[in-house]
Amino acid sequence: MERLIQEAARRLADTRRVVVFTGSGVSRESGLQTFRDPQEGLWAKYDPMEMATMEGFLRDPKLVWEWYDYRFGMVETAQPNPAHHAIAALERFFATVTVVTQNIDGLHQRAGSTDVVELHGSIRCYRCLSGAHTGFTRADFADQAEMPPKCPQCGDLLRPEVVWFGEMLPEDALERAFYLAEQCHAMIVVGTTGEVQPAATLPHLASRAGALIIDVNPNRDLITPIADFYLQGPGGEVLPRLVSALRLAGRGKLG
Ligand code: BV8
């Protein structure tokens, strides 16, 4: 594996524009569950694919709200892990590094990544069901005891400003992500099954546009077959070694 990491770093060192595409696996070592992990404790009997939908929310708003509340609590106590920090450190080696993430936990920003595209929204933001009033944070409804809280503007139910299954992704985020995938010289893919569309199209777009594809995952995923390098292992172990190899390859910040 060490030789593979050195070789990947050597190829990566020849590039300037890098995109890091991440899924829930990159936050696994921060203690956050992926969607495929059997949900722990109270949530073991619920299917995330069911709950992260408008139908699931309308069927039982309180239950779905409590699930997001629970996840918000986990995110609040979670710390960025060595994978997030290594990804942030990449900014020292390339002209541009953009993180395009499927995650809603904000850990890339907390690790210091300065250019993050959140394809599926953020667990920190809330809006009313109709979408008429957006941009609320938990402080805006902290005084409400009832679950789910109501929109301070119109009294409609509040929901997390995240993209549920069956919902469109934020247009500007998706448009920028497609542009970056087609323009980048390299895409490092970390912690995703490569199943969830349309996000999972991005590595295929980048590969077709001639970018170097590096896939980091303890398990083979749907991106592995198109990867130039498959670095098998947890992101928190592989990525710091990739950054050290880049340092050894003598990469400082490009002018
Ligand atoms: C839409 C926010 C269209 C919520 C999420 C084709 C085209 C378009 C749509 C579809 C299509 N085919 C199917 C669809 C529908 C659907 C879809 O993709 N379904 C899948 C299941 C087949 N897509 C949608 O519904 C999207 N909307 O397309 O609308 C439309 C068209 C017309 C009109 C209206 C709409 C919306 C998708 C967004 C859903 N929201 N998140 C929330 O988080 O609560 S996605 C959600 O699932 C998570 O964000 C997570 O990112 C994702 C699961 O994927 P992964 O990130 O890959 O995570 P997963 O758990 O699966 O795997 C973890 C990986 O990490 C594993 O590989 C594991 O091995 C690895 N790992 C584990 N430990 C580590 C590790 N890796 C590194 N280090 C470790 N330590």
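Order of listing sets the numbers, starting from 1, for every ligand and every atom in it. Values in this document were obtained by computation on a predicted structure and should not be read as measured data.
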Item to complete: Evaluate the ring planes of Tyr126 and Phe141, with Trp represented by its six-membered ring, and classify them as parallel (under 30°), tilted (30 to 60°) or perpendicular (over 60°).
Response: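 Because their plane-to-plane angle is over 60°, the rings of Tyr126 and Phe141 count as perpendicular.
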Practice prompt. Identify, with sequence neighbours excluded, every residue that meets ring pair (Phe, Tyr, Trp, His ring centres under 6.0 Å) alongside Phe178.
Written response: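 With sequence neighbours excluded, Phe178 shows a ring pair (Phe, Tyr, Trp, His ring centres under 6.0 Å) to no residue whatsoever.
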Worksheet item: Sequence neighbours excluded, which residues qualify as ring pair (Phe, Tyr, Trp, His ring centres under 6.0 Å) partners of Phe57?
Response: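 Once residues adjacent in sequence are excluded, the partners of Phe57 under the ring pair (Phe, Tyr, Trp, His ring centres under 6.0 Å) criterion are Trp164.
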Item to complete: Sort out the contact shell of ligand 1: every protein residue with a heavy-atom distance below 4.0 Å, listed by chain and number.
Response: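 Within 4.0 Å of ligand 1, protein side: Gly23, Ser24, Gly25, Arg28, Glu29, Thr34, Phe35, Arg36, Met49, Tyr68, Arg71, Gln102, Ile104, His120, Val163, Trp164, Phe165, Gly166, Glu167, Met168, Leu169, Gly191, Thr192, Thr193, Glu195, Val196, Gln197, Pro198, Asn217, Pro218, Asn219, Pro234, Gly235.
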Fill in: Option from Val26, Asn103, Val75, Asn81 for which side chain to side chain contact (heavy atoms under 4.5 Å, CB included) with Leu32 holds
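Checked Val26, Asn103, Val75, Asn81 against Leu32; only one passes side chain to side chain contact (heavy atoms under 4.5 Å, CB included): Val75.
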Worksheet item: Is the number of heavy atoms from other residues, nucleotides or ligands within 6.0 Å of CD (Glu171) greater than 12?
Response: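 Not buried by this count: 12 neighbours or fewer within 6.0 Å.
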Would you tabulate the side-chain donor-acceptor contacts of residues 182-191 under 3.5 Å, counting partners in other chains and residues two or more places apart, or write 'none'?
residue, atom, partner, partner atom, Å
His185, ND1, Arg16, N, 3.1
His185, ND1, Arg17, N, 3.0
His185, NE2, Arg17, NH2, 3.4

